[in-house]
Amino acid sequence: MNPEDIRPATPPPCASDPLTLVVGVHLVLTEADRVLLGRRRNTSYAAGMWHLPAGHMERGEPVTRSMTREAEEELGITIAEDDLLLVHALHLLDTDDGRSRLQLFFRPTRYKGRLRNAEPHKCGELRWWPLDGLPDDTVPYTAHALAGITRGSTLSTVGWPG
């Protein structure tokens with residue numbers, strides 16, 4: 001037997017194993033019943049669709065820092081972590097890859113700086129849309145969450161059977 005053929009076996013995951021969860025952060029900027037959305041471009045997910053300024057939590061940072069970092073990177077604005085309000089949590093079962101994703105939606109109580117498209121290579125344009133008149137090509141879970149936020153709902157699930 002070749003020693004290279006002896007490898008430790010990786011047991012298959014079982015239902016009691018800890019969950020690996022992808023955490024997304026989304027910035028809900030509203031002004032007079034309108035919300036700021038960006039048209040995604042050059043992305044592997046939802047290219048050409050409208051979506052909130054968003055990103056993923058990175059290893060070693062708290063979720064509030066993830067949100068303030070994304071606001072800086074995408075919009076060129078500064079938000080203090082203490083100025084973020086969690087307005088909705090959405091637990092999504094991604095039908096494309098079967099992964100469980102927790103999408104957190106934050107509204108800032110204030111921010112500093114002038115809003116701008118700081119990542120034109122990833123965002124074709126920014127535009128304010130009426131909350132009751134989102135474009136048809138809005139990312140579906142984003143539209144779902146915004147409708148929940150408008151109703152005052154703080155938690156929802158999407159994509160799960162039953």
E119 backbone acceptor or donor facing E74 side chain under 3.5 Å: no
Are L21 and L92 grouped together when hydrophobic residues (ILVMFWY) are joined by side-chain heavy atoms under 4.5 angstrom apart? no
Rounded distance [0.5 Å steps], CD in E73 versus OG1 in T68: 9.5 Å
Taking side chain as C-beta onward, heavy atoms only, is W50 less than 4.5 Å from L134? no
Restricting to non-hydrogen atoms, name the atom on E72 and the atom on R65 that form the minimum distance, rounded to 0.1 Å. OE2-NH1, 3.4 Å
Give a yes or no answer on whether the side chain of H88 reaches the backbone of S153 with a donor-acceptor pair at less than 3.5 Å. yes
Rounded distance (nearest 0.5 Å) linking atom CZ of R107 with atom CG of L27: 10.0 Å
Is the closest side-chain heavy-atom distance between L75 and L36 below 4.5 Å? yes
Linking I/L/V/M/F/W/Y whenever any side-chain heavy atoms sit under 4.5 Å apart, do I149 and L84 land together? no
Grab the two heavy atoms, one from G76 and one from A118, that are nearest each other, plus how far apart they are. N-CB, 3.9 Å
Does the side chain of M49 come within less than 4.5 Å of P140's, by heavy atoms? yes
Are L104 and V28 co-members of a hydrophobic cluster defined by side-chain heavy atoms under 4.5 Å apart? no
Indicate yes or no: does R34 engage E31 in a salt bridge with an N to O separation below 4.0 Å. yes
Kindly indicate whether the side chain of D83, heavy atoms from C-beta on, has any atom under 4.5 Å from the side chain of P108. no
Check whether any side-chain N or O of R40 sits under 3.5 Å from a backbone N or O of Y45 as a donor-acceptor pair, and report yes or no. yes
Same hydrophobic cluster for Y141 and V22, using side-chain heavy-atom links shorter than 4.5 Å among ILVMFWY? no
Answer whether the closest heavy-atom distance between the side chains of L126 and L115 falls below 4.5 Å. no
How many angstroms lie between CG in L102 and CG in L90, if you round to the nearest 0.5 Å? 8.0 Å
What's the separation between atom CD1 in I77 and atom NZ in K112, rounded to the nearest 0.5 Å? 12.5 Å
State, without any angle test, whether H26 and T142 hold a side-chain donor-acceptor pair at a distance under 3.5 Å. no
Compare all side-chain heavy atoms of W160 with those of S100 and state whether any distance is below 4.5 angstrom. yes
side-chain contact (heavy atoms from CB on, under 4.5 Å) with S66: of E81, H56, M57, only one passes, and it is M57
Atom CG of D33: over 12 foreign heavy atoms under 6.0 Å: no
Would a hydrophobic clustering, with Ile, Leu, Val, Met, Phe, Trp and Tyr connected at side-chain separations under 4.5 Å, put V139 with V35? yes
Counting only heavy atoms from other residues, nucleotides and ligands, does the tally under 6.0 Å from CG of D97 exceed 12? yes
Evaluate the side chain to side chain contact (heavy atoms under 4.5 Å, CB included) criterion for residues Y111 and L29: first the C-alpha distance (whole Å), next the side-chain angles of each, then the deciding distance (0.1 Å), finally the verdict. CA-CA 10 Å; Y111 61 88; L29 283 172; 3.8 Å; yes
Distance in Å, T138 OG1 paired with L52 CG, rounded so as to fall on 0.5 Å steps: 9.0 Å
Looking only at heavy atoms, the pair that brings I79 and A71 closest together is CD1-CB, 3.8 Å
Can any side-chain N or O of W128 pair as donor or acceptor with the backbone N or O of A32 at less than 3.5 Å? no
In Å, rounded to the nearest 0.5 Å, how long is the span from NZ of K122 to CZ of R41? 12.5 Å
Would you find a donor on one side and an acceptor on the other, under 3.5 Å apart, between the side chain of N117 and the backbone of C123? yes
For the pair D137 and R39, evaluate side chain to side chain contact (heavy atoms under 4.5 Å, CB included) and give the outcome as yes or no after the intermediate values. CA-CA 9 Å; D137 55 349; R39 187 181 288 277; 3.0 Å; yes
